[in-house]
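Take a look at the structure below.
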Amino acid sequence: MKPSLPQGTRDFSADIIRRRRFILDTIKDVFELYGFEPLETPALENLETLMGKYGDEGDKLIFKILNNGLDNPLKKEEIQKGFNKILEGKNEKNITERALRYDLTIPFARYVSMNYGKLTMPYKRYQMQSVWRADRPQKGRYREFYQCDADVAGTNSLISDAELALIYQQVFRRLKIDVDIKINSRKILAALAEVCGGSDKMSAITVAIDKLDKIGIEKVKEELIENNLSVQQISVIESYLQIGGSNDEKLTKITTLLNNVETGQKGIEELKIILNYINEVAGQSSTSSINIDFTLARGLNYYTGIIYEVKAKNIEMGSIGGGGRYDDLTGLFGLPNIPGVGISFGVDRIYDVMTELNIFPEDINKSTTVLFFNLGEKESTVAFKEMQVLRNNGISCELFYENAKLDKQFKYASKKNIPFAIIIGSNEVEQKTCIVRDLLKAEQQTIPVDNLSSYFR
RNA sequence: GUGGUUGUAGCUCAGUUGGUUAGAGCAUCAGAUUGUGAUUCUGAGGGUCGUGGGUUCGAGCCCCAUCAUCCACCCCA
């Protein structure tokens, strides 16, 4: 058979893994700097755990796993019944009861619900694992990809919201990616909906205004008309969308626009508090700005407070990070009144951005430091012994496995980016010396073998 | 889920209105060179043209289906 990969999945070769690790390590270091603890959960979850958490669109994108034993003749009848339900678009336990992880937030919520008694609250966890979505692949979109999440469960303190924004700043500063960190509040969006026809219109409104960048104000208005909003309501939304200026100016204008709506004022107040925390430390570092963007909506329907989204500047790519606050996530799993807030990094998109901008560090692909040449049985035995001395000193080495032509051994070294070659031939064996060749400078010197490890120190 | 694009050697790609035995560069291997590389020269291997059907005397080329790719929409990291 001809080998192939499932759609939207990829193999990662050594050079890609080293670059991905650079990103993952950077994120992990910053998460730990802020006191988050690691967590890993299974790739599989019960389908029931995931269904209904990501909206109707989301449910369709969950990878479901077929049960085993469907060919059991004793269960034939109920399995056929179940299959008929599947054909109607319903889920049926007899056919599928497990699914691949769709994101890291719901498994986190599930974990908190199951382990509440054991956890030190507020619980701050980070998680870096792959997730799967049955989406059609395209630029920056894969069916298997990594997310890196940091969430805080069990506190309403807006300090945590502010810290998460700072984590975004710090990570992208370390990665040297210029980003736009957008912030908004679901409470403000809810208040807008309240002013414009009631809360049942909220999702239609948010979906429409979220597209402002892409399709422009006229198309947004068309979409709102299709959703049965009145001219007057649409004009309120239009003035909402026209709010501009600095963060302070935006806050002033929105306060006026939503001055009768209590939830809106609450959302504005929260935004102010968070931005104040961020401003406290602004002088210490920030290059990438945190900006209020009232068009930001975010899809996941469990957010209730602050929402974030991060986009890379100067490049065409979907968001590379997103997150927000949810008042009651674990309630769905029987543990009410636990608020949470979290952010997510999309590693694969960050990788694509860094590749396109060509901003990975130069020296990222060094692996082996020294290649010992193989010049025969006796010679390579000596080399083998000296190689182990270097390894014991923490220098990564390889001995070429065959007594091949030097030409070939040199090429192997250059292909693997190995900077040093050590040549031990019969003369060197006799004199207890070796030739150390710097392959980048094309210079070499003969030194006593006993001095090898000090040479590389 | 909807629409478009592409699929020929390990890689990047040529291949004329359908016409003998499908090509190039790079890479690989062997030799020129029996201890010093990224150079040069010579030679070799490697393809059921994504897969399965169809039209035709004849298909890499035309038609249908299918799979994969890249891209856009929906949605999202």
Side-chain angles (χ1 to χ4, degrees), chain A residues 1-10 13 23 27 54-62 89 101-105 128-149 168 203 206-208 210-211 214-215 219 223 296-301 308-312 316-324 342-353 371 373-376 379 400 403-429 434-446:
Chain A
M1 69 164 275
K2 197 173 183 179
S4 65
L5 286 174
Q7 193 177 48
T9 65
R10 299 151 298 158
S13 56
I23 298 170
I27 295 171
Y54 309 109
D56 291 345
E57 287 297 318
D59 282 356
K60 287 183 200 157
L61 301 181
I62 294 171
R101 190 166 55 213
Y102 178 90
D103 74 351
L104 301 179
T105 307
M128 312 205 292
Q129 291 187 277
S130 43
V131 302
W132 293 267
R133 294 186 189 176
D135 219 343
R136 191 168 287 201
Q138 60 177 285
K139 184 173 182 179
R141 177 173 300 184
Y142 306 96
R143 288 186 146 183
E144 178 184 49
F145 61 97
Y146 252 70
Q147 285 192 331
C148 299
D149 280 28
Y168 270 143
S203 79
T206 53
V207 166
D210 197 36
K211 297 178 189 165
K214 241 181 192 169
I215 63 178
K219 294 253 178 189
E223 200 166 320
L296 176 63
R298 308 260 331 132
L300 296 175
N301 57 8
Y308 304 102
E309 189 163 290
V310 184
K311 293 201 82 170
E316 202 51 50
M317 179 70 70
S319 64
I320 54 178
I343 54 171
S344 182
F345 289 84
V347 174
D348 303 76
R349 285 187 181 174
I350 293 171
Y351 179 94
D352 290 344
V353 166
L371 178 68
F373 277 27
N374 186 328
L375 300 183
E379 293 88 340
F400 200 86
N403 178 14
K405 292 201 306 188
L406 289 188
D407 175 83
K408 199 170 174 182
Q409 305 196 35
F410 273 117
K411 278 186 178 164
Y412 178 84
S414 80
K415 276 192 177 171
K416 282 191 78 171
N417 280 323
I418 299 174
F420 292 97
I422 292 180
I423 302 167
I424 300 176
S426 51
N427 295 344
E428 286 78 17
V429 170
C434 63
I435 298 170
V436 180
R437 185 171 174 90
D438 182 324
L439 295 172
L440 301 175
K441 294 181 188 158
E443 290 167 0
Q444 66 184 42
Q445 54 180 303
T446 304

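Reminder, nothing fancy here: chain letters follow the sequence lines and each chain counts from 1.
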task = May I have the distance from A/D438 (atom CG) to B/rU36 (atom C1'), rounded to whole angstrom?
result = 14 Å
task = Mind checking A/Q409 for me? I need base, sugar-phosphate or nothing, with any heavy atom below 4.0 Å counting as a touch.
result = nothing
message = With hydrogens left out and only the distance checked, is there a donor-acceptor pair under 3.5 Å joining A/R141's side chain and the base of B/rC75?
response = yes
request  = Round to the nearest Å and state the distance from A/R143 atom CZ to B/rC70 atom P.
outcome  = 11 Å
inquiry  = Taking only the P atom of each, what is the distance from B/rC49 to B/rA22 in whole angstrom?
reply    = 10 Å
request  = For B/rC76, take OP1 and OP2 only and decide whether either is under 4.0 Å from a side-chain N or O of A/K139.
outcome  = no
task = Considering only atom C1', compute the distance from B/rA72 to B/rG53 and round it to an integer number of Å.
result = 31 Å
ask   = Under 4.0 angstrom, heavy atoms only, what part of the nucleic acid is A/K415 near: base, sugar-phosphate, or nothing?
value = sugar-phosphate
task = Report yes if at least one side-chain N or O of A/K211 is closer than 4.0 Å to OP1 or OP2 of B/rC75; otherwise report no.
result = yes
key: A/K211/A/E223 ion pair, N-O < 4.0 Å   = yes
ask   = Atom CD of A/E379 and atom P of B/rG35: how far apart are they, to the nearest Å?
value = 10 Å
task = Check whether any side-chain nitrogen or oxygen of A/Q138 sits under 4.0 Å from OP1 or OP2 of B/rC70, and answer yes or no.
result = no
ask   = Of A/R136 and A/D407, whose closest RNA chain B nucleotide lies nearer the 5' terminus?
value = A/R136
inquiry  = Applying a 4.0 Å non-hydrogen cut-off, can you work out what A/G425 is touching in the nucleic acid: base, sugar-phosphate, or nothing?
reply    = base
query = So what does A/V207 hit on the nucleic acid, given a heavy-atom distance under 4.0 Å: a base, only sugar-phosphate, or nothing?
reply = sugar-phosphate
request  = For A/I435, answer base if it contacts any base atom (sugar-phosphate contacts may also be present), sugar-phosphate if it contacts only those atoms, and nothing otherwise; contact means non-hydrogen atoms under 4.0 Å.
outcome  = base
key: Touch class at under 4.0 angstrom, heavy-atom based, for A/Y146 against every strand present   = nothing
inquiry  = Show, in sequence, the C-alpha distance, side-chain angles and deciding distance for A/F410 and A/F373, and conclude whether the ring-ring contact (aromatic ring centres under 6.0 Å, His included) test is met.
reply    = CA-CA 9 Å; A/F410 273 117; A/F373 277 27; 4.8 Å; yes
query = What is the distance, rounded to the nearest whole Å, between atom CD of A/E57 and atom P of B/rC75?
reply = 7 Å
request  = With heavy atoms under 4.0 Å as the rule, sort A/E428 into base, sugar-phosphate or nothing.
outcome  = base
query = To the nearest angstrom, how far is A/K311 atom NZ from B/rA77 atom P?
reply = 12 Å
ask   = Hey, mind stepping through A/D348 and A/Y146 against side chain to side chain contact (heavy atoms under 4.5 Å, CB included) and telling me if it holds?
value = CA-CA 6 Å; A/D348 303 76; A/Y146 252 70; 3.7 Å; yes
task = Search all heavy atoms of A/I423 against all heavy atoms of A/L375 and return the closest pair with its distance.
result = CG2-CD1, 3.6 Å
task = Looking only at non-hydrogen atoms, find the nearest pair between A/D438 and A/K441 and report the distance.
result = OD1-N, 3.0 Å
ask   = What do you reckon, is NZ of A/K139 surrounded by more than 12 foreign heavy atoms closer than 6.0 Å?
value = yes
Over all atoms of both residues, closest heavy-atom pair of A/D59 and A/Y54 = OD1-N, 4.3 Å
ask   = Pairs counted as Watson-Crick or G-U wobble with both distances under 3.5 Å: what dot-bracket string results for RNA chain B, using | for bases tied to another strand?
value = ((((.((..((((.....[...)))).(((((.......))))).....(((((..]....))))))).))))....
ask   = With a 4.0 Å cut-off on heavy atoms, is A/K408 in touch with a base, just the backbone sugar-phosphate, or nothing at all?
value = sugar-phosphate
ask   = Within the structure shown, what part of the strands sits under 4.0 Å from A/D348 by heavy-atom distance: base, sugar-phosphate, or nothing?
value = nothing
request  = Find the distance A/L296:CG to B/rC76:P and express it as a whole number of Å.
outcome  = 11 Å
request  = Between A/G58 and A/G8, just flag the one whose closest nucleotide in RNA chain B comes earlier from the 5' side.
outcome  = A/G8
task = Check the distance between B/rG37's C1' and A/F373's CZ and give it to me in whole angstrom.
result = 7 Å
task = Could you work out the separation of B/rG46 and B/rU5 based on their P atoms and round it to a whole Å?
result = 36 Å
task = Answer with base, sugar-phosphate or nothing: what part of the nucleic acid does A/S344 contact at a heavy-atom distance below 4.0 Å?
result = nothing
ask   = Which atoms form the tightest heavy-atom contact between A/P137 and A/G8, and what is the distance?
value = CG-CA, 3.8 Å
query = Rounded to the Å, how far apart are A/D135 CG and B/rC74 C1'?
reply = 9 Å
Nearest-Å distance once atom P is located in both B/rG50 and B/rU69 = 16 Å
ask   = Are the side chain of A/Y168 and the backbone of A/S344 linked by a donor-acceptor contact shorter than 3.5 Å?
value = yes
request  = Could you work out which one of B/rG35, B/rA77, B/rG37 sits closest to the side chain of A/S414?
outcome  = B/rG37
